[in-house]
Protein chains: 2
Amino acid sequence: MEEVPKHKENSTEELILKAAKLVFSRKGMAGARMQEIADEAGINKALLHYYFRSKENLFNAVFYDLLGNIQKKFLGILNSEMDLFSKIRNFFTGYTDFLQENSFLPGFIINELNQDPEKMINHFRDAGIKPPPKLILQIKEEVQKGNIIQIDPMQLLMNMLSLAIFPVLAAPLLKGILEAKEGDFDQLMEKRKRELPEWFINSIMKK
Amino acid sequence: MEEVPKHKENSTEELILKAAKLVFSRKGMAGARMQEIADEAGINKALLHYYFRSKENLFNAVFYDLLGNIQKKFLGILNSEMDLFSKIRNFFTGYTDFLQENSFLPGFIINELNQDPEKMINHFRDAGIKPPPKLILQIKEEVQKGNIIQIDPMQLLMNMLSLAIFPVLAAPLLKGILEAKEGDFDQLMEKRKRELPEWFINSIMKK
DNA sequence: TTTTAGTTTAACCAACTGGTCAAAAGTAAA
DNA sequence: TTTACTTTTGACCAGTTGGTTAAACTAAAA
């Protein structure tokens with residue numbers, strides 16, 4: 001019997017996970033070094049193996065933590081009871097915020113996806129991440145009602161994901177390439193967050 | 001004085017580059033093993049170092065080769081003399097084809113981008129890759145003429161890139177997640193190639 | 001045939017990597 | 001203080017990695 005539900009504020013385990021998240025996302029599974037993670041956490045390397053038996057274990061712990069975040073934030077909105085347009089607005093703003101706070105996440109996933117696609121797919125399956133049925137249904141309904149243009153729900157979903165995720169994914173590069181010509185990239189992204197949802201909703205409305 | 005302009009059809013050097021391209025794109029710089037590249041090329045590991053002095057050299061050779069392809073294909077279309085709408089259509093179909101043939105490329109770039117953003121940005125700068133001025137100008141003109149909606153050229157460009165690149169980038173994952181529900185993913189992508197340009201053009205036309 | 005230059009190989013090496021272990025240091029109840 | 005335990009550490013190890021080297025092979029030139 002334990003007294004408190006385990007308050008893991010700044011426990012060593014949390015320190016390690018935080019450091020690992022940082023290093024894994026910068027260097028990927030293959031490029032990350034256990035020593036670097038230990039340094040980042042300010043502890044001994046052997047302690048990593050005391051808490052998480054192997055590098056792969058540590059990696060999985062980090063990864064599942066991140067998948068949980070996606071699950072909560074991403075599918076939370078898309079499966080909610082909101083009407084379609086509010087949902088789309090909420091998705092773009094909420095998801096953009098979430099991605100900017102975890103800007104390493106998409107690159108991290110793409111990185112590992114290249115190394116072992118099957119493994120990554122299974123991880124997503126295990127986490128129960130799938131096309132949100134509620135959203136798919138809503139799109140079909142709105143198409144049938146004639147409120148939005150004739151469009152395959154899956155294509156619409158892919159468009160939403162593309163428009164929201166890619167800019168964050170390629171941000172460092174876009175920043176380097178565009179910033180010379182255009183002013184501040186962050187400002188560009190702020191403007192995007194405001195204008196993108198309205199443009200997108202407009203693009204699927206019937207004329 | 002050499003007789004022929006160096007016909008490097010199946011020379012050892014070409015064999016190595018081809019093998020390296022394959023392995024680097026699967027595993028990334030850090031994950032790739034010189035031995036694996038040698039095996040893939042069917043040669044001895046020492047021979048790699050005979051042709052390309054180091055792993056980094058080999059990596060750069062592969063990378064510049066790929067950047068050249070992007071430069072030719074991507075900026076070739078966007079900087080051409082075509083009118084805006086033809087250009088957009090050409091971009092989506094041509095770029096999608098190109099990406100599907102080189103489906104490892106985006107992931108490869110994102111991967112290395114995470115490891116060392118500055119390095120990647122400089123590579124792109126050196127290769128002269130930048131927002132295509134011709135396209136930017138055309139968009140501004142069409143906005144002014146009132147032919148398309150009020151939109152920042154840079155946002156429009158980002159939308160185009162997002163919609164074209166992301167699905168290829170995430171293809172293995174989308175395939176695994178969507179395929180269970182929807183039929184063939186490749187069929188979905190074929191449909192996308194046909195419908196995306198028209199939907200996109202429609203989305204920027206004035207109502 | 002001999003020479004010469006470029007190509008290919010097996011064997012080797014120093015540095016690094018994930019992982020282990022026994023012992024030390026901390027902790028809290030008895 | 002003693003005991004029993006968890007946490008933390010430095011030293012170490014076996015396997016792997018990028019890279020080297022000297023010798024063998026190849027074929028055209030002399």
Side-chain angles (χ1 to χ4, degrees), chain A residues 1-63 108 111-112 114-116 119, chain B residues 1-63 108 111-112 114-116 119:
Chain A
M1 270 183 237
E2 282 145 21
E3 298 200 6
V4 215
K6 211 179 256 177
H7 50 109
K8 40 181 182 172
E9 332 123 30
N10 264 359
S11 67
T12 307
E13 195 172 333
E14 278 302 301
L15 264 179
I16 294 177
L17 277 175
K18 201 174 153 190
K21 210 179 287 191
L22 196 78
V23 176
F24 274 133
S25 62
R26 263 204 307 249
K27 306 291 181 69
M29 166 71 164
R33 302 288 156 230
M34 293 299 266
Q35 186 59 59
E36 194 181 345
I37 296 176
D39 291 348
E40 185 72 42
I43 56 157
N44 189 285
K45 180 167 72 94
L47 205 52
L48 290 184
H49 290 90
Y50 174 75
Y51 279 95
F52 304 85
R53 286 219 318 269
S54 67
K55 190 183 185 184
E56 196 175 329
N57 258 331
L58 179 54
F59 177 82
N60 282 338
V62 168
F63 187 66
F108 179 69
N111 191 345
E112 302 308 322
N114 272 344
Q115 314 242 355
D116 193 341
K119 192 177 156 194
Chain B
M1 272 183 233
E2 284 146 18
E3 299 199 8
V4 214
K6 212 180 255 178
H7 51 111
K8 40 182 180 173
E9 331 126 27
N10 264 358
S11 66
T12 307
E13 195 172 333
E14 278 301 301
L15 265 177
I16 294 177
L17 276 175
K18 200 175 153 190
K21 208 179 289 189
L22 196 78
V23 176
F24 274 133
S25 62
R26 264 204 306 250
K27 307 289 183 69
M29 166 70 165
R33 301 291 156 229
M34 294 299 264
Q35 186 60 57
E36 193 181 346
I37 297 176
D39 290 349
E40 186 72 42
I43 55 158
N44 190 283
K45 179 167 72 93
L47 204 52
L48 291 183
H49 290 88
Y50 174 74
Y51 279 95
F52 305 85
R53 287 219 317 270
S54 68
K55 189 184 185 184
E56 196 175 329
N57 258 330
L58 179 56
F59 177 82
N60 282 339
V62 167
F63 186 66
F108 179 71
N111 190 345
E112 302 308 321
N114 272 344
Q115 313 244 354
D116 192 342
K119 192 176 157 195

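Letters A, B, ... mirror the listed sequences (proteins, then strands); counts begin at 1. In what follows, every heavy atom counts, from backbone to side chain, and hydrogens, waters and symmetry copies are set aside.
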Next on the checklist: Regarding Ala32(B), tell me which of base, sugar-phosphate or nothing describes its non-hydrogen contacts under 4.0 Å with the strands shown.
Outcome noted: sugar-phosphate

Checklist entry - Are any of Thr12(B)'s side-chain N or O atoms less than 4.0 Å away from OP1 or OP2 of dT8(C)? => result yes

Item to check | Backbone N/O of Lys27(B) and side chain of Gln115(A): donor-acceptor pair under 3.5 Å | outcome: yes

Next on the checklist: Closest-nucleotide mapping onto DNA chain C: is Tyr51(B) or Ser54(A) further toward the 5' terminus? I mean the 5' end.
Outcome noted: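 Between the two, 5'-proximity favours Tyr51(B).
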
Checklist entry - Is a donor-acceptor contact shorter than 3.5 angstrom present between the side chain of Lys55(B) and the base of dG19(D)? => result no

Checklist entry - How close do Lys55(A) and Met29(A) get, heavy atom to heavy atom, and via which atoms? => result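 Smallest heavy-atom distance, with atoms named: NZ-O, 2.9 Å.
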
Checklist entry - How far apart are the closest heavy atoms of Leu47(B) and Ile16(B), and which atoms are they? => result O-CD1, 4.3 Å

Can you identify which nucleotide, out of [options], has its nearest atom closest to the [X] side chain?
| X | options | result |
| --- | --- | --- |
| Arg33(A) | dT9(D), dT17(C), dT9(C) | dT17(C) |
| Tyr50(B) | dT21(D), dT8(D), dT8(C) | dT8(C) |
| His49(B) | dG18(D), dT8(D), dT9(C) | dG18(D) |

Checklist entry - Between Gln35(B) and Asn44(A), who's closer to the 5' end of DNA chain D by nearest nucleotide? => result Asn44(A)

Item to check | Phe24(B) and Phe59(B) aromatic ring geometry - parallel, tilted or perpendicular at 30°/60° bounds | outcome: perpendicular

Next on the checklist: Can you measure Asp39(A) atom CG to dG18(C) atom P for me and round it to whole angstrom units?
Outcome noted: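 After rounding, the gap between these two atoms is 12 Å.
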
